[in-house]
Amino acid sequence: MMSKNYQFETKVIHSGQRSKEHVDSLTTPIYQTSTFTFPSMMSGAKRFAGQEDGYIYSRLSNPTISVLEERVAQLEEGEAALAFASGMAAVSSALIGITKANDHILCSKGVYGCTFGLLQLLKEKYNINATFSDLATVEEITNSIQKNTTCIYVETPINPTMRVVDLELVASIAKKKGIKVIVDNTFSTPYLQKPLQLGCDLVIHSATKYIGGHGDVISGVMVGDEELINDIKRTTQKDIGGVLSPFDAWLLLRGLKTLAVRMDRHCDNAKKIAANLKTHPKIKAVYYPGDDEHPDSDIIKKQMKKGGGLLSFEIKGTYEDAVQVVDRLQLIPIAVSLGDAETLIQHPASMTHAVVPLEKRVQMGISNELLRLSVGLEAWEDIWQDLKQALETR
Ligand SMILES: *Cc1c(COP(=O)(O)O)cnc(C)c1O
């Protein structure tokens, strides 16, 4: 355990670390075990009854995973955290845990494709209705709240349009009405944005992305107050069972150590690439939260430390032109996912957002000429040279 007064750059390395409990090991060992033995029958009974500390079974808790959960909780400045087998396991556990049949979920205009799919499933199975809003003004938020609204689900910056939602504003209105605010903080990481500090109730990450940071693990985490986290742990996490594996927790602990230095580089690189794209004659528009001319720049200055590593841009021309640009790239791989060392490019309309019906997609601002770039850690000049040569017609 350590004091919470250390700075973020220190906490990513040390928080949750308990070397003394792990034979003085510098890094947290991988407890690759399904179950734990009880010293006596009585002790086992007490652990099940919650009257004695100790591990029971790795779907309930595991020492490697506990260190990860404590570290992430401290980074988000929340009371407790849970780790999951994927970002979607975290999203589904949160939404199923917080809502009941016939509830209403108010969402930001644009959510991750599979989150959109999950909302449709909840509608079909449990008549849980989701509506989408820009959540941009007090009126818009208030008018979008219904009698049966139990939670507001926000992604900011929104994928892939990079519009930003004022979390403090949303949280202040929701609090008065007893509505929980869930924020998918995958794009920003706690280094750039801390939703709990702004009054939100639950933060979710696809830890597959920046938290892991190396493109080698599928995982999710959530952070909130003790009561809410315990509720979700006892219900959806335990009984649906989308838990993380100890080895994957270890990969995340390893990745986290460099989160702050990686994020600085991702942000600096993205800012330079965005600035260069903006001046290119073949580009119609660039969407980047770190751009001073971003329509939400006042909110961004208030709630984000930097602009992040993701940007989108629209090609002048047609879908076929966009296809050609992507296929001409030599350094940058075509892949979904984000937050890796490698710069990655993808086409939202045919990839991450293909499940969203065309009409909704257009409403979300996802055109056929829109490309999304997850700017990696390479030399920015090399990333830019690759984009530039791909944009040049033969
Ligand atoms: C990737 C992603 C998810 C889903 O996470 P998985 O780890 O792939 O299950 C959810 N939200 C956002 C914003 C994402 O980028």
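Note that the structure is predicted; figures quoted are calculated from it, not measured. Counting convention: from 1, in listed order, for ligands and their atoms alike. Quick note: residue numbers are just sequence positions, from 1.
Close approach of ligand 1 to Ser219 is summarised as follows: ligand atoms under 4.0 Å from at least one heavy atom of the residue are 7 (O). For ligand 1, the atoms sitting less than 4.0 Å from at least one non-hydrogen atom of Leu338 are 15 (O), numbered in the order shown with element in parentheses. With ligand atoms numbered from 1 in the order given, ligand 1 contributes 5 (O), 6 (P), 7 (O), 9 (O) to contacts under 4.0 Å with heavy atoms of Gly87.
Between Tyr55 and Thr33, the side chains place no donor N or O within less than 3.5 Å of an acceptor N or O (distance only, hydrogens not considered). Checking His347 against Ser350 by side-chain atom types alone, a donor-acceptor pair falls below 3.5 Å. Residues Glu76 and Asn185 have side chains that bring a donor and an acceptor to within less than 3.5 angstrom of each other.
A salt bridge is absent between Lys271 and Asp268: the closest approach of a Lys/Arg side-chain nitrogen to an acidic carboxylate oxygen does not fall below 4.0 angstrom. Between Asp321 and Lys316 there is no salt bridge, since no side-chain N of the basic residue sits under 4.0 Å from a carboxylate O of the acidic one. Ion pairing between a basic and an acidic side chain is recognised when a charged N comes within 4.0 Å of a carboxylate O; Lys302 and Asp166 show such pairing.
Considering only non-hydrogen protein atoms, atom 7 (O) of ligand 1 sits nearest to Thr208 OG1, 2.6 Å. Protein heavy atom in closest approach to atom 5 (O) of ligand 1: Ser206 OG, 3.0 Å. Of all protein heavy atoms, the one lying nearest to atom 8 (O) of ligand 1 is Tyr112 OH, 3.9 Å.
Selection from Glu155, Met88, His205, Lys209 by nearest heavy atom to atom 2 (C) of ligand 1 gives Lys209. Here atom 11 (N) of ligand 1 lies nearest to Asp184 when heavy atoms of Thr156, Val91, Asp184, Val111 are compared.
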